[in-house]
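Notes to accompany the following structure.
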Amino acid sequence: MDSLILRGGRPLEGEIPISGSKNATLPLLAATLLAPGFYRFTNVPQLKDVRTMSNLLRILGAKIDESGHELLIDTSHASHIEAPYDLVKTMRASFYVLGALLGRHGEARVSLPGGCAWGPRPVDLHLKGMEALGATLTLDQGYVVASALPLKGATFEFGISSVGASANVLMAAVRAEGTTVLKNVALEPEVTSLALFLNKMGARISGIGGRDLTIQGVAELQPADAVMSPDRIETGSFMCAVGMTKGKVKLTHADPQQLTAVIEKARQAGLTVSVGADWISVEHSHGKLRPIDVTTDVYPNFPTDLQAPFMALATIADGVSHITDTIYADRFTHVAELFRLGAQIHMDNNIAVVTGVPKLTGAPVMSTDLRASVCLVLAGLAAEGETEVKRVYHLDRGYEKLEEKLSRVGADIRRAEGDL
Ligand code: UD1
């Protein structure tokens with residue numbers, strides 16, 4: 001398994017281009033199953049998760065040509081309805097194909113994502129939404145077997161705000177007969193971009209960008225092209241990288257409008273942030289970082305995916321920071337690894353109380369998930385001496401060419417190829 005080797009302390013200077021958003025791309029890929037034909041997606045990030053979703057589409061009968069950041073997708077013969085365990089277990093977002101398959105074929109057989117059980121577990125809202133639209137769901141050997149002939153418009157309220165459930169149910173609802181009203185839909189930009197794309201395909205969704213969506217079902221949809229929006233989580237992660245190292249970096253091809261809460265916290269931490277229509281400039285030239293209080297919440301509040309990167313900033317701030325995750329109460333696997341670099345963190349349920357230290361010291365650390373991994377890379381950028389972040393396959397799922405982008409602006413970081 002590959003690892004990243006860093007030597008901390010080098011200021012970052014220059015420009016970093018932001019890639020297309022992983023979390024916006026995945027539901028759009030699933031949506032191509034809704035209408036047979038040719039699609040052209042551009043600004044697609046080159047990531048393992050995108051390849052996993054592409055492979056799933058291929059299993060379902062699609063043809064996909066990848067050329068740089070462009071995907072040409074042909075779903076003319078995507079007639080299969082089974083999403084196998086081997087793929088779904090590696091990426092939770094594969095579950096998105098449930099709504100698209102139901103919408104197109106009126107039936108689907110999709111493996112439950114790994115670790116989830118039937119019933120009151122993290123895909124319950126996806127399933128309840130499909131049932132509200134008239135789908136019959138059974139569980140067969142770990143697979144959700146769904147059928148609905150036809151899907152019928154209905155009113156459904158998501159008990160809690162869920163990005164995945166909102167996107168999944170929306171993909172089924174656009175083909176349901178009659179009118180569907182979805183209430184308490186997630187406000188995250190990834191749901192908005194999916195809804196806009198579905199309308200481009202001929203769906204009739206109104207209220208886009210708000211909590212409640214009204215959907216007039218249509219009998220047919222057509223293929224459409226799409227440009228992937230910038231990755232707001234990658235953008236926020238690079239803002240933290242500047243804070244960890246000092247220096248000045250312009251993040252280009254970004255969307256500052258999606259990052260209001262994040263920019264506010266970066267400024268609280270002492271970073272100088274200026275924005276243009278599609279760029280964010282981040283500077284941290286002198287002085288210590290200031291402590292921050294961060295509470296993750298649904299959009300437009302501070303995203304849970306940037307909780308770990310901002311904790312890296314807090315580890316070297318001048319004072320005590322409080323970092324609370326209200327979305328995933330136990331998303332703190334990075335804490336034990338940050339200890340190894342000399343961080344001082346006390347956990348109080350879902351609140352990390354981080355007392356800034358004058359310096360971190362390099363050590364071997366282990367990645368445990370995507371955002372925890374980038375937190376460790378950020379800490380390594382500031383740590384004295386060498387830090388080896390092991391198991392970077394997590395990072396490769398969601399950060400395009402991270403080490404290349406960082407080394408181009410001056411970081412001392414390289415990939416070491418592992419045996420496994
Ligand atoms: C998406 C993002 C992920 C981000 C998360 C929260 C993708 C591919 N992933 O994940 O990066 O961290 O949003 O912004 O876009 N829940 C249920 N039942 C359900 C579904 C969710 O209880 O059926 C709960 C979850 O446990 C969590 C909360 O709802 O506490 C929000 O999760 P959700 O928005 O669904 O996250 P994902 O869509 O899986």
Side-chain angles (χ1 to χ4, degrees), residues 20-31 45 47-53 56 88 90-99 110 112-132 137 144 156-172 182 184-195 211 228-229 231-237 258-259 261-262 295-310 324-334 350 369-375 394-395 397-399:
S21 160
K22 167 179 89 73
N23 288 353
T25 302
L26 298 175
L28 261 61
L29 280 170
L47 297 169
K48 200 154 86 183
D49 275 6
V50 172
R51 284 193 289 274
T52 302
M53 187 60 99
L56 178 52
V88 180
T90 65
M91 187 182 70
R92 221 182 112 75
S94 314
F95 203 63
Y96 278 140
V97 299
L98 177 64
V110 180
L112 277 173
C116 297
W118 187 256
R121 291 298 301 273
V123 287
D124 58 329
L125 292 171
H126 302 234
L127 303 177
K128 280 184 190 150
M130 304 296 170
E131 279 177 334
L137 306 180
V144 176
F156 178 74
E157 177 161 357
F158 296 93
I160 50 173
S161 178
S162 160
V163 175
S166 300
N168 217 345
V169 177
L170 185 59
M171 283 190 266
L182 297 180
N184 196 27
V185 168
L187 296 176
E188 271 70 4
E190 296 75 28
V191 177
T192 300
S193 66
L194 171 66
R211 280 254 168 251
M228 303 307 128
S229 53
D231 196 307
R232 63 194 173 104
I233 306 304
E234 188 199 24
T235 312
S237 304
Q258 295 186 358
L259 285 150
V262 175
T295 301
T296 70
D297 205 344
V298 296
Y299 189 83
N301 296 306
F302 192 93
T304 172
D305 285 350
L306 285 172
Q307 178 257 106
F310 271 70
T324 308
D325 202 321
T326 70
I327 306 290
Y328 293 109
D330 51 5
R331 193 179 203 179
F332 288 103
T333 53
H334 41 290
N350 65 334
D369 71 43
L370 175 55
R371 307 302 171 191
S373 306
V374 83
C375 164
H394 293 294
L395 267 179
R397 289 187 43 207
Y399 288 87

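A quick note: this is a predicted structure, and the numbers were derived from the prediction, not measured. Note: hydrogens, waters and symmetry copies are ignored here, and every other heavy atom, side chains too, is used. Remember, it's 1-based here, ligands and their atoms both numbered in the order they're listed.
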Given that the side chain starts at C-beta and the backbone is N, CA, C, O, which of these parts of [X] lies under 4.0 Å from ligand 1, counting heavy atoms, or is it both or neither?
{"X": "Val163", "result": "both"}
{"X": "Tyr299", "result": "neither"}
{"X": "Ser162", "result": "both"}
{"X": "Ala186", "result": "neither"}
{"X": "Val298", "result": "neither"}
{"X": "Met53", "result": "neither"}

Using a strict cut-off of 4.0 Å, indicate which atoms of ligand 1 neighbour a heavy atom of [X].
{"X": "Thr304", "answer": "6 (C), 12 (O), 14 (O)"}
{"X": "Leu125", "answer": "18 (N), 19 (C), 23 (O)"}
{"X": "Arg92", "answer": "39 (O)"}
{"X": "Ser161", "answer": "31 (C)"}
{"X": "Gly164", "answer": "35 (O), 38 (O)"}
{"X": "His126", "answer": "23 (O)"}

With a 3.5 Å distance limit and no angle check, can you tell me whether [X] reaches the backbone of [Y] through a side-chain donor-acceptor pair?
{"X": "Asn184", "Y": "Glu157", "value": "no"}
{"X": "Ser166", "Y": "Ala186", "value": "yes"}
{"X": "Asn350", "Y": "Asp325", "value": "yes"}

Considering both backbone and side-chain atoms of [X], is one of its nitrogen or oxygen atoms within less than 3.5 Å of a nitrogen or oxygen in ligand 1?
{"X": "Pro122", "value": "yes"}
{"X": "Lys22", "value": "no"}
{"X": "Ile160", "value": "no"}

Out of Asp325, Leu26, Asp305, indicate the one that has the non-hydrogen atom closest to atom 11 (O) of ligand 1. Asp305

May I ask which of Phe95, Tyr328, Tyr96 has a heavy atom nearer to atom 25 (C) of ligand 1 than the others do? Tyr328

Evaluate the criterion side-chain contact (heavy atoms from CB on, under 4.5 Å) for residue pair Thr296 and Asn301; output intermediate values, then yes/no. CA-CA 7 Å; Thr296 70; Asn301 296 306; over 6 Å; no

Yes or no: does Met91 have any heavy atom under 4.0 Å from an atom of ligand 1? no

